[in-house]
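Accompanying notes for the structure given below.
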Amino acid sequence: MKKSVIAIDGPAGAGKSTIAKMAAKKLNYIYIDTGAMYRGVAWLVLQKYQVPINTAQVLSVIEDINIRLAYDDNGNMLIFVNEQDVSTEIRTPEVTALVSQVAAISEVRQKMVELQRKMAQDGSVLMDGRDIGTCVLPNADLKIYLTASADERANRRAKEMREKGYDVDVEEIKKDIIARDEADMQREVSPLKKADDAILLDTTKMTIDEVLQEIIRLANA
């Protein structure tokens with residue numbers, strides 16, 4: 001069987017990572033969470049500097065950064081930054097608030113894209129992010145643009161954060177999501193957009209299982 005490469009793109013809160021992990025497991029593919037890699041950069045920046053963060057500070061951090069993805073015995077992805085397991089730390093609201101700013105810096109994107117392409121070169125990989133089909137893996141065998149309404153994405157994110165013990169406000173999350181959409185779509189380097197040959201999948205009124213089954217169907221087709 002051909003070792004295919006699948007790219008899933010879409011805006012913040014669309015459920016890309018959740019669906020991508022499940023689909024990769026079903027297909028027996030390696031899952032690469034590119035968003036976690038950018039979160040790893042943002043996390044390290046926050047360890048060294050106080051908000052507000054400037055570009056020079058970010059560049060000083062990425063000079064010698066080492067980001068590694070691994071999996072535990074249950075198949076859960078772990079992310080190591082300079083050999084420290086930060087899989088939980090990168091999901092805090094503070095990191096979330098900074099990640100779009102970090103990802104908009106061209107030098108950061110260049111370094112991450114280089115790493116991501118190396119990870120995908122052997123095939124049987126499913127990668128999700130903002131610019132996978134348009135920039136990182138333009139020759140991917142299957143490209144999917146996963147989206148949902150801002151309201152639905154805010155509700156999903158709020159539910160996820162509350163389950164982790166955070167006290168959150170849905171309207172604030174919605175504002176953050178809309179602001180992040182604008183930042184991701186308007187950045188000069190690799191903006192968020194649907195690749196011309198990507199399949200649009202609006203999940204607003206779909207269950208997780210329905211989305212998963214559709215992606216499996218597309219992959220098998």
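These values consider heavy atoms only, across backbone and side chains, with no hydrogens, waters or symmetry-generated copies. All of these numbers come straight from a predicted model, not from anything done at the bench. Residue indices begin at 1 and follow the sequence shown.
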Is the shortest side-chain heavy-atom distance between Val113 and Thr34 below 4.5 Å?
no

Check: Gln101 side chain, Ile53 main-chain N or O, donor-acceptor pair, under 3.5 Å
yes

Heavy-atom nearest pair, Leu212 first then Lys26, reads CD2-CE, 4.2 Å

Taking Asn54's backbone N and O only, do any of them form a donor-acceptor pair with Gln57's side chain (distance below 3.5 Å, no angle check)?
yes

Would you say Ile30 and Tyr71 make side-chain contact, with heavy atoms under 4.5 Å?
yes

Carboxylate-amine/guanidinium contact Glu152 Arg156, below 4.0 Å
yes

More than 12 heavy atoms from other groups under 6.0 Å of CG on Asp196:
no

Evaluate side-chain contact (heavy atoms from CB on, under 4.5 Å) for Val41 paired with Ile62, printing each intermediate quantity in order.
CA-CA 7 Å; Val41 177; Ile62 67 165; 3.7 Å; yes

State whether the number of non-hydrogen atoms from other residues, nucleotides or ligands found under 6.0 Å of Asn28 atom CG is greater than 12.
no

Ignoring hydrogens and geometry, is there a side-chain-to-backbone donor-acceptor pair from Arg117 to Leu137 under 3.5 Å?
no

Between Met119 and Val125, is any pair of side-chain heavy atoms under 4.5 Å apart?
no

Would you kindly say whether Thr96 and Arg91 are connected by a side-chain donor-acceptor distance under 3.5 Å?
no

Whether Arg157 and Asp176 form a salt bridge (side-chain N of Lys/Arg under 4.0 Å from carboxylate O of Asp/Glu) is what I want to check.
no

With a 6.0 Å cut-off (strictly less than), is the heavy-atom count around CD of Glu83, excluding the residue itself, greater than 12?
yes

Sole candidate of Thr204, Thr203, Asp181, Thr147 that passes side chain to side chain donor-acceptor pair (under 3.5 Å) when paired with Arg153:
Asp181

Any side-chain heavy atom of Ile215 sitting closer than 4.5 Å to one from Leu201?
yes

Stepwise side-chain contact (heavy atoms from CB on, under 4.5 Å) test for Ile8 and Ile132:
CA-CA 7 Å; Ile8 299 180; Ile132 308 306; over 6 Å; no

Validation row: Lys194, Asp9 side chains within 4.5 angstrom (heavy atoms)
no

Heavy-atom count check: over 12 atoms from other residues, nucleotides or ligands less than 6.0 Å from Lys21 NZ?
yes

Output yes when a side-chain donor or acceptor of Asp85 lies under 3.5 Å from a complementary backbone atom of Ser87, and no otherwise.
yes

Electrostatic pair Glu114-Lys118, nearest N-O below 4.0 angstrom
yes

Judged by atom type as modelled, is there a donor-acceptor pair below 3.5 Å linking the side chain of Ser4 to the main-chain atoms of Ser124?
no

Using a 3.5 Å distance criterion without hydrogens, assess whether the side chain of Arg187 forms a donor-acceptor pair with backbone atoms of Ala104.
no

Is it the case that one hydrophobic cluster holds both Leu126 and Ile208, taking links as side-chain heavy atoms less than 4.5 Å apart, direct or via other members?
yes

Within a 6.0 Å radius of atom CD on Gln50, are there more than 12 heavy atoms belonging to other residues, nucleotides or ligands?
no

Could you tell me whether the side chain of Lys143 and the main chain of Asp197 form a donor-acceptor pair under 3.5 Å?
no

Identify the heavy atoms of Ala7 and Gly133 that sit nearest to each other, and give their distance.
CB-N, 3.9 Å

For the hydrophobic clusters of this structure (ILVMFWY residues joined by side-chain heavy atoms under 4.5 Å, transitively), does one cluster hold both Tyr31 and Val5?
yes

